[in-house]
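Structure record follows, encoded as structure tokens.
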Amino acid sequence: MGLREDYLKKFEGKTYFWLGDEACAYGGVFGGCNFFTGYPITPASEVAEVISGELPNVGGYHVQMEDEIASIAALIGGVWAGARGMTATSGPGFSLMQENIGYAIMTETPCVIVDVQRSGPSTGQATKPAQGDVMQARWGTHGDHNIIALAPNSVQECFDLMIRCFNLSEEYRTPVILLMDGEIGHLRERITVPSLKSIKLKKRKKGKKKDLLFGGELIPPFKEIGDGHYLHVTGSTHKENGIRDVESQKVHEKLVTRLYDKIEKNREKLVDLEEKWMDDAKIAVISYGAAARPTEGAVALLRKKRKKIGFMRLRTIWPFPREQVRALGKKVKKIYVPEMNLGQLSREIERFVDCPVVGIPKIGGIVHTIREITTAMERS
Amino acid sequence: MMAKKKKAYRLKHYLREELLPTTFCQGCGCGTVLNTYAQAIEELQINPKDIVSVTGIGCSSWIPSPYFKADTLHTTHGRAIAFATGVKIMKPEANVVVIAGDGDLAGIGGNHLIHAARRNVGLAVFLINNMIYGMTGGQVSPMTPLGDKTTTTPYGNPEYPFNIAEFVAAAGANYVARWTTYHVFPLMESIQKAMTKDGFSFVEILTQCPVSYGRRVGMRTGEEFLKYFKENTINSLKAKDMTPEEIGDKIIVGKIVERNRKEFTTILREMNEERRK
């Protein structure tokens, strides 16, 4: 047993009363994280506070960088030097990270970025939660790309989905975003740490000398600095051996299409959602993250009044579960979408269904109440 | 006349030969830096497999990327030092080298430069100062002298340039020097010092860009720049006994600072080990 297992076994099977941010930090450590670079920002700072205390215990390193740009830059550098790494931030920091998230996508660098969403734009309501970064997570960096983003709605899920984030980042050799929100990040509730044995960690697939670093297969194996391969890694368009080629239309098309396809073609494997009361549903409600909690309550209340309403909660936001939502759109007459923004996911849902989609937006830093949702549903 | 057999370049085994010739313009100083750097590595007998080159965006970032054959991270504009910090934390035994330009390190990436010097991260940073944004066609940089005409200061540069070497020395670097492409032998020794010194090492290398800068300030060839560097520099050893009036507009070259603060990743590792005891 290594240092990591020796230290972590004391948590196994125990129940804690943790913050979402705290569970996210521990989920990272249990997910194999040994490198964290970050910059303080509400409501994500607790992730750094907890993980800075724990990483030395498992042989890892935490460094507080000078800003969020440096945080993700150092993270990517560390990963190429062998780290399994993550950073955590909120909206303003997430905005600053976008250019280098694109670099991580283009260079196929596995890493995890936690965005504990807060109310924006700009500084907004710094201490209050929101779900305003759904589209920034998808389209924040420039150019054609694809992304994986998961959204937890409980403290337990912060832990569990963090492990999945790390595994997906290794499996698909791409940055993965944990799209939390300030409500879940600062929520304190019961969580049980699973046994180390039950946590399956996806190991990094490392390439041999002859393997191409950026081609040859849909998801090429990774190579690390110091392996003696004379790696050439660039955010410029590059050939399969990594050497820059910014002139050829074909080289660019082949590279960027492959980067897009490695997520697109695995959409069904990546989709993760929860459905309830769908069998007899004539109306559906779709939500995610903190907003899904009162939403589920609202649907339960309406079902008590014998309304035939079903509930769908997305744990994978990106890639979007278009086939499941398309099928749902054929089954029900109307879809309601409560979310803590002015309508970001609802717009995505509209693209795939013919039935009316009614957003139930709420901004201002307070989660919907059950009554607000039931009232909105009764009104339209 | 007998055709002379062309002699192969002595240090070409350090280069990604398949990518030669370089794309540098005629008269550019980047070739001189590449040559001097390769010679420094040769004399130090560092195995290129132990070198990690980290670069940003700009002409001088092409010195190591793609030309120098080592593990190479060609990163985003201005962020090379931050990427390199991550590499050094995970691979403290590697020779992590950053080569980038004045726009990259003193402009957009200035914050990372200051903080890496403050942390005293064990990086060797070579700032290739051609006093201009060359790759984008000659826009004013934070190192362009006051009054110079560039494509974005058509009536002259209203800003003062950085004294970037003094600035990095003040931020806490273990070794700081400044040389020019005229001073190739002391530059090579300085590169070796930077490569072997523990902690943050920084060498500002003044170089010529006749194409994007020189032709707008009356120096159309590399040669004119080298002559300028020869005639307008004073060694720091000599300058320390001179008054500011005597120094005037001359550029101070040579060692700026050398000290022995403990290196950042060493401190980090020691603290982490202490925690585990």
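Chain A is the first sequence line, chain B the second, and so forth, proteins listed ahead of strands; every chain is numbered from 1. Computed from a predicted structure; not experimentally measured. Side-chain atoms are counted along with the backbone in the values below, which use heavy atoms only and exclude waters and symmetry mates.
What you find for A:Gly228 and B:Lys49 is that their closest heavy atoms are O-CE, 3.8 Å. For the pair B:Ala70 and A:Tyr230, the tightest heavy-atom approach, listed with the atom from each and the gap, is CA-CD2, 3.6 Å. When all heavy atoms are compared, the tightest approach of B:Met90 to A:Gly78 is CG-O, 3.6 Å. Summarising the geometry of B:Arg276 relative to A:Pro56, their closest heavy-atom pair is NH1-O, 2.8 Å, with the distance given to 0.1 Å. For the residue pair B:Lys91 and A:Gly226, the shortest heavy atom distance occurs at CE-CA, 4.0 Å. Residue A:Asp227 comes nearest to B:Asp71 through the heavy atom pair N-OD2, 4.4 Å, listed as atom of the first residue, atom of the second, then distance.
A 4.5 Å side-chain heavy-atom check between B:Phe264 and A:Val63 finds at least one atom pair inside the cut-off. For the pair A:Ile76 and B:Phe83, the minimum side-chain heavy-atom distance is below 4.5 Å. Counting only heavy atoms from C-beta outward, the side chains of B:Arg269 and A:Tyr61 approach each other to under 4.5 Å. Looking at B:His115 and A:Asp67, their side chains never come closer than 4.5 Å, going by heavy atoms from C-beta outward.
Using a 4.5 Å cut-off between heavy atoms, B:Arg119 contacts chain A through its side chain alone, with no backbone atom that close. In this structure, chain A has heavy atoms under 4.5 Å from both the backbone and the side chain of B:Arg79. Neither the backbone nor the side chain of A:Val79 comes within contact range of chain B; no heavy atom of the residue lies under 4.5 Å from a heavy atom of that chain. Contact of B:Ile114 with chain A is not made at all, since no heavy-atom distance falls under 4.5 Å. Within the 4.5 angstrom heavy-atom criterion, atoms from both the backbone and the side chain of A:Ile225 approach chain B.
In this structure, B:Phe167 places its CZ atom where only 12 or fewer heavy-atom neighbours from other residues, nucleotides or ligands lie under 6.0 Å away. Summarising the local packing, NZ of A:Lys254 is surrounded by 12 or fewer heavy atoms from other residues, nucleotides or ligands at distances under 6.0 Å. For A:Glu247, the CD atom counts as loosely surrounded, since its 6.0 Å shell holds 12 or fewer non-hydrogen atoms of other residues, nucleotides or ligands. Shown here is A:Asp144, whose CG atom has no more than 12 heavy atoms of other residues, nucleotides or ligands within 6.0 Å. Taking a 6.0 Å sphere around OH of A:Tyr39, one finds it holds 12 or fewer heavy atoms contributed by other residues, nucleotides or ligands. Annotation: B:Gln26, atom CD; neighbour count of heavy atoms from other residues, nucleotides and ligands within 6.0 Å does not exceed 12.
Within the 3.5 Å criterion, the main-chain N or O of A:Asn57 finds no donor-acceptor partner in the side chain of B:Arg275. Looking at A:Arg244, its side chain never comes within 3.5 Å of a backbone N or O of B:His74 through a donor-acceptor pair.
A distance of 8.0 Å separates CG in A:Leu231 from CG in B:Leu73, rounded to the nearest 0.5 Å. Here the CD-OG1 distance, from A:Glu99 to B:Thr76, works out to 4.5 Å after rounding to the nearest 0.5 Å.
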After noting the C-alpha distance and the side-chain angles of A:Ile243 and B:Leu19, does the key distance pass the side-chain contact (heavy atoms from CB on, under 4.5 Å) rule? CA-CA 9 Å; A:Ile243 298 296; B:Leu19 302 175; 3.9 Å; yes
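Ranked by heavy-atom pairs under 4.5 Å with chain A, the first of B:Thr85, B:Ile89, B:Thr265 is B:Ile89. Taking A:Ala83, A:Gly102, A:Gly242 one by one and counting their heavy-atom pairs under 4.5 Å with chain B, the maximum is reached by A:Ala83.
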